[in-house]
Amino acid sequence: MSAQPEHGWGTTPLPEIRTVDDLRSALSRYGFPGDRERFEEELAAAIGASPTNDFEGAAAVVRAYRHRVRIRNSPEIMASLEEARGGGNST
């Protein structure tokens, strides 16, 4: 068995995201804290502001949050983010 990174992110299988409900489940389980709630707010706002024949704004919200799930499940990206933040050490 290989050692897990110090930050606790292991390689987890990326959840299958085919529908908005799949994305909701993935955000609840794999997303960053607060992502699910912000997704619902942004999606509702995008739908409310969309013309009835163009939901591109809502689609953009879905794509952005799907990407966040992918980022959250990439040990390499998460390690890079941690490095960019200075390792999270405040000494």
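- Remark: L27 CG to R68 CZ distance equals 8.5 Å, nearest 0.5 Å.
- From R66, atom CZ reaches atom CD1 of I17 across 7.0 Å, with rounding to the nearest 0.5 Å.
- Geometrically, R72 does not engage Y30 in a cation-pi contact defined by less than 6.0 Å to the ring centre and at most 45° from the axis.
- Annotation for L43 and V61: closest pair N-CG1, 3.9 Å, computed over non-hydrogen atoms.
- Between S28 atom OG and E37 atom CD the span is 7.5 Å, to the nearest 0.5 Å.
- Between R38 and E41 there is no salt bridge, since no side-chain nitrogen of the basic residue lies less than 4.0 Å from a carboxylate oxygen of the acidic one.
- Among pairs with a residue in residues 44-54, none fulfils salt bridge (charged side-chain N to carboxylate O under 4.0 Å, His left out), at least two apart in sequence or across chains.
- Considering all non-hydrogen atoms of both residues, A58 and S50 come closest at N-OG, 4.4 Å.
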List the steps, then state whether side chain to side chain contact (heavy atoms under 4.5 Å, CB included) holds for Y65 with R36. CA-CA 9 Å; Y65 278 88; R36 170 70 191 270; over 6 Å; no
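- In this view, A45 satisfies the side-chain contact (heavy atoms from CB on, under 4.5 Å) rule with no residue, not counting sequence neighbours.
- Residues V20 and F39 form a side-chain contact, since some pair of their non-hydrogen atoms from C-beta on lies under 4.5 Å apart.
- Taking 4.0 Å as the cut-off between side-chain N and carboxylate O, R63 and E56 count as a salt-bridged pair.
- Across D22 and E16, no two heavy atoms sit closer than the pair CB-O, 3.7 Å.
- Proximity of a side-chain donor or acceptor of D35 to a complementary backbone N or O of F32 within less than 3.5 Å is detected.
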